[in-house]
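First comes the structure, then the notes that go with it.
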Amino acid sequence: MVKRRWSLVAVATSIALAVGPSLSLADPNNGKGQGHGKNQHSQGQHGQGQGHAGGSAGGGHGNPSIDRGYVLDILAGHRSYWSAGPALPPGIQKNLARGKPLPPGIAKKLDGRLLGQLPHYDGYEWMQAGVDLILVAVATGIIYEVLNGALD
């Protein structure tokens, strides 16, 4: 009887471990649309399913929908919160692409004042890599979006 209970516990744990991560990725915004908190403008006017950055971000399946124009407008309006970094070497620039892991030591954190203005997506973090603004999945380090030359 004890052996059977341990088998059931092992099966239940295995299922939870296999299904849990996929459920957490299903809706990184927790049903809140594109933004929340201080950034009410992005949620109301640029909600989920609106414009995409370069057409590459999918609004479906709980993925953030990045409005490139809106983000660039924020950067332009808050120029004192960031400074352009040197352009990345071509070999490293080539590795800075959507769906690839963020190369170590490439990106740097943005000023907190700027982060407070940019749209927030649960589970993702905005970073600077050279003159590019990138959105990275915090848990995996996978690049979700690259806004090439946004910080130029």
Side-chain angles (χ1 to χ4, degrees), residues 13-152:
T13 302
S14 298
I15 291 171
L17 289 173
V19 175
S22 64
L23 291 176
S24 68
L25 292 175
D27 186 10
N29 296 323
N30 296 324
K32 296 178 184 161
Q34 183 171 342
H36 67 278
K38 295 181 189 175
N39 230 341
Q40 294 301 318
H41 175 75
S42 68
Q43 186 175 18
Q45 193 170 4
H46 298 278
Q48 192 169 1
Q50 297 292 319
H52 303 268
S56 59
H61 308 297
N63 293 332
S65 177
I66 314 301
D67 184 336
R68 176 183 282 270
Y70 178 65
V71 172
L72 293 176
D73 285 347
I74 291 171
L75 294 174
H78 297 88
R79 181 94 169 107
S80 63
Y81 293 172
W82 59 270
S83 60
L88 297 173
I92 294 174
Q93 177 66 40
K94 185 173 69 172
N95 288 327
L96 196 66
R98 188 173 194 266
K100 288 189 171 188
L102 180 64
I106 296 298
K108 68 177 190 175
K109 303 259 183 201
L110 295 171
D111 185 303
R113 298 171 296 174
L114 180 58
L115 287 174
Q117 300 300 316
L118 290 169
H120 173 77
Y121 308 100
D122 289 339
Y124 295 87
E125 177 180 29
W126 289 107
M127 299 184 86
Q128 179 177 356
V131 295
D132 301 331
L133 182 65
I134 55 175
L135 187 63
V136 179
V138 175
T140 62
I142 300 294
I143 298 170
Y144 181 75
E145 193 65 66
V146 179
L147 277 70
N148 292 310
L151 299 167
D152 194 10

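Quantities reported herein were computed from a predicted structural model and do not represent experimental measurements. Keep in mind that the numbers below use all heavy atoms, side chains included, and drop hydrogens, waters and symmetry copies.
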Quick check: do K100 and N95 have side-chain heavy atoms less than 4.5 Å from each other? yes
By salt bridge (Lys or Arg N to Asp or Glu O under 4.0 Å), K109 pairs with (sequence neighbours left out) E125
Answer yes or no: is there a donor N or O on one side and an acceptor on the other, between the side chain of D132 and the main chain of G149, under 3.5 Å? yes
Separation between CZ (R79) and CG (L151), nearest 0.5 Å, reads 8.5 Å
What distance separates I66 CD1 from R68 CZ, expressed to the nearest 0.5 Å? 10.5 Å
Could you check if a side-chain atom of V138 sits within less than 4.5 angstrom of a side-chain atom of Y124, using non-hydrogen atoms only? no
Taking every non-hydrogen atom, the tightest pair across Q128 and A84: NE2-C, 4.0 Å
Donor-acceptor pair, side chain of E145 and main chain of L147, under 3.5 angstrom: no
Any idea which heavy atoms bring S83 and K108 closest together, and the distance? OG-NZ, 4.5 Å
Point-to-point distance, once rounded to the nearest 0.5 Å, from CG of L110 to OH of Y81: 13.0 Å
Shortest non-hydrogen pair, L133 vs A150, comes out as CB-CB, 4.0 Å
Rounded to the nearest 0.5 Å, how far apart are NE2 of H78 and CG of D73? 11.0 Å
d(L135 CG, L102 CG) to nearest 0.5 Å is 11.0 Å
Minimum side-chain heavy-atom gap P119-I74 below 4.5 Å: yes
Got I143 and P101 here, is their nearest side-chain heavy-atom distance under 4.5 Å? no
Could you give the distance from CD1 (I106) to CD (Q93), rounded to the nearest 0.5 Å? 9.5 Å
Does a side-chain heavy-atom distance below 4.5 Å link L75 with W82? yes
Check: Y144 and Y121 side chains under 4.5 Å, non-hydrogen atoms: no
If you take all heavy atoms of L96 and A129, which pair is closest and at what distance? CD2-CB, 3.7 Å
